[in-house]
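The block underneath contains the structure these notes are about, expressed in structure tokens.
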Amino acid sequence: MVSLQMASIVLLALLASFARAIDNNPLQDFCVAVPDLQAAVFAVNGKACKNPNLVNADDFYKAAGFNTPVGGVNLTSVGLVTKLLDVNQFPGLNTMGLSIGRIDFEPNGLIPLHTHPRGSEVVYVLEGTVYVGFVSSNPLNGQKNKLFSKILNPGDAFVFPVGLVHFLYNVGRTNALVFAAFSSQNPGFVSLANSAFGSDPPISQDVLTKAFRLDKQVIDYLQSQIWPFI
Ligand SMILES: *[C@@H]1O[C@H](CO)[C@@H](O)[C@H](O)[C@H]1NC(C)=O
């Protein structure tokens, strides 16, 4: 009887750990990722590990080019250049629950509404003036979702809780430089605009007109805008 109870507790614990949306703790000192194409099996908490005997210091090092925006993803439509170093670029991050990014904003540059489904994010402003905010999940008591926002100056930090919708907007007259750290090796990026209006195939007009209480013409217009929105 006792062992049956023990077995169900162990099973529940296992299920709970599989159901976690955020990164698991590492189960060993390190687990340098091998490229997806070479991996037959993924580790539960990340990618398959390189043979530890073949791991060397280079596996924990990345010439990230974080001193400059050059070589980043240039999103001219929203006025910013971004560099993200997650486990896909930096295999040593595998199972560490960490990643890091750099964002260079032009004046009025905007990271539109988005979420990271697998990681909280802390941002740190080095240059410029950045309006940031996140919105709470739907409250149960009939109140409105709450916006938590700040205007950040050099030296300021702000945290976006995992999964919540947030944005960053350069409200200064100069460029802005922001670094971001994530509590996931692969935080993911969900753009609200792309999810609603840029999916392939598109979500049906009926769903979108009802969901946003908009005319079909407005939905057509939003769907016709250049992809990606960010
Ligand atoms: C991004 O693109 C804009 C427009 O083409 C260009 O002026 C800017 O120099 C580019 N920035 C980087 C870092 O590549």
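Counting starts at 1 for both ligands and their atoms, following the listed order. Note that these values count all heavy atoms, side chains included, but never hydrogens, waters or copies made by symmetry.
- Per-atom contact check: atom 14 (O) of ligand 1 touches the protein, criterion being a heavy-atom distance below 4.0 Å.
- Residues F60 and F90 keep their aromatic ring centres 6.0 Å or farther apart.
- Salt bridge status for K210 with D206: absent, with no side-chain N to carboxylate O gap under 4.0 Å.
- Protein heavy atom closest to atom 4 (C) of ligand 1, with residue, atom name and distance, is T76 CG2, 3.6 Å.
- Using modelled atom types and a 3.5 Å distance limit, the side chains of D23 and S184 yield a donor-acceptor pair.
- Counting protein heavy atoms under 4.0 angstrom from atom 7 (O) of ligand 1 gives zero.
- When the heavy atoms of D104, N74, T68 are ranked by distance to atom 12 (C) of ligand 1, first place goes to N74.
- Using a 4.0 Å cut-off between charged side-chain N and carboxylate O, K50 and D59 make a salt bridge.
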